[in-house]
Amino acid sequence: MKTLRQGKIGETFKVKKLHGQGAVKRRIMDMGITKGAEVYIRKVAPLGVPLEVTLRGYELSIRKADAEMIEIE
């Protein structure tokens, strides 16, 4: 299983599955990260938190803990 956290800068991935439960999973989905969405990793902060991604035409910063819940292919 490969997560968004393991992705490299400059690559585009497709969301395969969201892990997590309840409010955390709902918040990730509310940001537009749903199954089948394409996510482009723009940059990663020096300490790895947060990741900056482009998704559905807008830019989004994601915490490392949230990125680890997003399974990609």
Side-chain angles (χ1 to χ4, degrees):
M1 175 179 91
K2 186 173 182 180
T3 65
L4 188 61
R5 177 69 186 105
Q6 298 165 325
K8 304 246 188 285
I9 296 172
E11 294 182 341
T12 302
F13 301 97
K14 187 178 257 190
V15 176
K16 184 176 180 182
K17 184 176 181 181
L18 295 176
H19 297 277
Q21 297 180 24
V24 175
K25 185 174 182 179
R26 182 83 237 157
R27 185 171 46 84
I28 292 171
M29 291 175 69
D30 288 344
M31 289 188 280
I33 302 172
T34 57
K35 184 177 178 181
E38 290 193 359
V39 180
Y40 171 75
I41 300 178
R42 293 198 46 201
K43 60 183 171 181
V44 179
L47 297 176
V49 180
L51 278 73
E52 189 172 307
V53 300
T54 300
L55 166 76
R56 299 182 191 267
Y58 67 93
E59 296 173 5
L60 179 67
S61 293
I62 303 174
R63 295 182 300 191
K64 182 170 74 170
D66 292 342
E68 289 174 351
M69 294 181 196
I70 303 167
E71 186 176 339
I72 57 174
E73 55 183 354

request  = Assess whether side chain to side chain contact (heavy atoms under 4.5 Å, CB included) is satisfied between I72 and K16, documenting all intermediate values.
outcome  = CA-CA 5 Å; I72 57 174; K16 184 176 180 182; 5.8 Å; no
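E73 CD to M1 CE: the interatomic distance, rounded to the nearest 0.5 Å, is 13.5 Å. Taken to the nearest 0.5 Å, the CD1 atom of I62 stands 11.5 Å off from the CZ atom of R5. Between the NZ atom in K43 and the CD atom in E59 there is a gap of 8.0 Å [rounded to 0.5 Å]. For the atom pair L4 CG and K64 NZ, the distance stands at 13.5 Å (nearest 0.5 Å). How far CD of Q6 is from CD of E71: 10.0 Å, rounded to the nearest 0.5 Å. The CD atom of E52 sits 11.5 Å away from atom CD1 of I41, with the distance rounded to the nearest 0.5 Å.
Between A67 and T3, the closest heavy-atom pair is O-CB, 3.8 Å.
A37 meets the side-chain contact (heavy atoms from CB on, under 4.5 Å) test with V15, T34, L55, R56; sequence neighbours excluded. The side-chain hydrogen bond (donor to acceptor under 3.5 Å, both in side chains) test applied to E68 returns no partner, not counting sequence neighbours.
Other residues, nucleotides and ligands place more than 12 heavy atoms under 6.0 Å from the NZ atom of K2. For Q21, the CD atom sits in a loose shell: 12 or fewer heavy atoms of surrounding residues, nucleotides or ligands are nearer than 6.0 Å.
Two residues are said to be in side-chain contact when any heavy atoms from C-beta on lie closer than 4.5 Å; V39 and I70 fail this criterion. Inter-residue side-chain proximity for T54 and R42 is flagged as met; some heavy-atom pair is nearer than 4.5 Å.
Following chains of ILVMFWY side-chain contacts shorter than 4.5 Å, one cannot reach Y40 starting from V44, and the two form parts of different hydrophobic clusters.
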Show me the donor-acceptor pairs, under 3.5 Å and distance only, between side chains in residues 24-33 and residues at least two apart or in other chains.
from	atom 1	to	atom 2	distance (Å)
R26	NE	D30	OD1	3.3
R26	NH2	D30	OD1	3.3
R27	NH1	D66	OD2	3.0
R27	NH2	D66	OD1	3.3
R27	NH2	D66	OD2	3.3

